[in-house]
Amino acid sequence: MELVFYIAGAVAVISTGLMLTRLNVVHALLYLIVSLLGVAVVFYVLGAPFVAALEVIIYAGAIMVLFVFVVMMLNLGAHEVQMEKQWLTPGIWIGPVLLASILIIEVFCLMRGTAPDLSTDASGPKQVGVALFGHYLIGVELASMLLLAGLVGAYHLGAHETRKPEIQHDTNTDERRTAASGNLVLAGTDQSSRTS
Amino acid sequence: MFSLGLTSLLVRRNLIFVLMSLEVMLNAAGLAFVVAGSRWHQADGQVVFLFILAMAAAEVSVGLALVVQIYRRFRGLDVDKLSGMRG
């Protein structure tokens with residue numbers, strides 16, 4: 001159990017260091033996922049399986065999906081296909097796959113052995129739930145308010161800029177069409193008045 | 001891990017890397033909480049980790065929306081380019 005803990009911690013630290021030295025964002029994201037999985041294995045070994053599951057689901061699931069979406073949004077260009085070809089060369093996968101396979105071997109060893117006894121421990125999922133919704137209830141409410149504010153803020157920041165140019169573009173083309181008195185060719189060639 | 005994230009936050013000049021190192025720092029702080037909670041057999045450490053998780057989710061959603069907005073305005077993710085943003 002001690003050995004598994006130290007190996008998982010070493011995997012997490014090594015993959016974090018590799019993440020910070022990558023020049024490419026997608027490679028860094030791969031190493032970051034491996035780092036989060038290593039931290040999740042550390043949590044499981046420490047006797048906190050609930051937190052380990054949450055770490056995998058929220059961090060490695062939701063937050064990484066957000067990062068990947070933003071990276072893909074920012075790379076909309078002409079050289080996108082070439083860049084993806086360059087990213088997906090098989091040499092890149094060796095490092096994260098190696099570290100992740102170490103973690104998988106550890107998890108299998110843990111499954112074959114005895115599971116950590118949660119009934120006597122004072123920090124099982126049940127105790128966490130009781131403390132969370134009993135003693136820390138105001139914190140739960142504050143966290144829900146924070147998440148709501150984050151949701152509204154992200155929607156506002158993300159949707160504000162996309163809608164304005166479209167409306168502007170439509171009114172511009174309509175104005176130009178009426179100004180050119182129905183001559184669509186003349187309206188299309190007027191590039192100087194377009195603000196984009 | 002916290003010091004690794006802090007170093008990267010100071011060194012890197014790409015906004016996505018800055019956000020990722022923020023994630024690493026929050027994760028390291030949560031790890032410290034859980035380790036302390038399991039050391040003294042208290043459930044409080046895991047509760048605080050849940051709060052850190054919720055805060056990280058909210059922070060990263062707002063941060064990535066800001067990144068998209070900055071990329072549209074400035075055509076790039078260089079932090080030094082933004083240093084002229086005054087008033």
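Below, chains carry the letters A, B, ... as their sequence lines are ordered, and counting in each starts from 1. Because the structure is predicted, anything quoted here is derived from the model rather than measured.
To the nearest 0.5 Å, atoms CG (Leu64(B)) and CD1 (Ile63(A)) are separated by 9.5 Å.
Side-chain contact between Phe67(A) and Val60(B): present, with at least one pair of heavy atoms (C-beta onward) separated by less than 4.5 Å.
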(request) Apply the test side chain to side chain contact (heavy atoms under 4.5 Å, CB included) to residues Phe50(A) and Leu50(B): give CA-CA distance (whole Å), side-chain angles for both, the deciding distance (0.1 Å), then the verdict. (result) CA-CA 10 Å; Phe50(A) 178 57; Leu50(B) 291 186; 4.2 Å; yes

(message) Quick one, Leu26(B) with Tyr59(A), criterion side chain to side chain contact (heavy atoms under 4.5 Å, CB included). Give me CA distance, side-chain angles, the key distance, then yes/no.
(response) CA-CA 11 Å; Leu26(B) 284 175; Tyr59(A) 262 114; 4.0 Å; yes

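Interface remark: Ile58(A) contributes side-chain atoms only to the contact with chain B (heavy atom separation under 4.5 Å). Leu146(A) touches chain B through backbone and side chain together, each having a heavy atom under 4.5 Å away. Looking at Leu29(A), both its backbone and its side chain come within 4.5 Å of chain B, counting heavy atoms on both sides. Heavy atoms closer than 4.5 Å to chain A are found nowhere in Glu59(B), neither backbone nor side chain. The contact between Val42(A) and chain B is made entirely by side chain atoms (from C-beta outward), counting heavy-atom distances below 4.5 Å.
Between Phe51(B) and Ala143(A) the shortest heavy-atom distance is CD2-CB, 4.3 Å. Ser61(B) approaches Ala154(A) most closely through the heavy-atom pair O-CB, 3.9 Å.
In the hydrophobic clustering of this structure, Val56(A) groups with Val68(A); members are Ile, Leu, Val, Met, Phe, Trp, Tyr whose side-chain heavy atoms approach within less than 4.5 Å, directly or through other members.
Highest contact tally toward chain B, considering only Leu148(A), Val140(A), Val51(A), Leu54(A), is held by Val51(A) [criterion: heavy-atom pairs under 4.5 Å].
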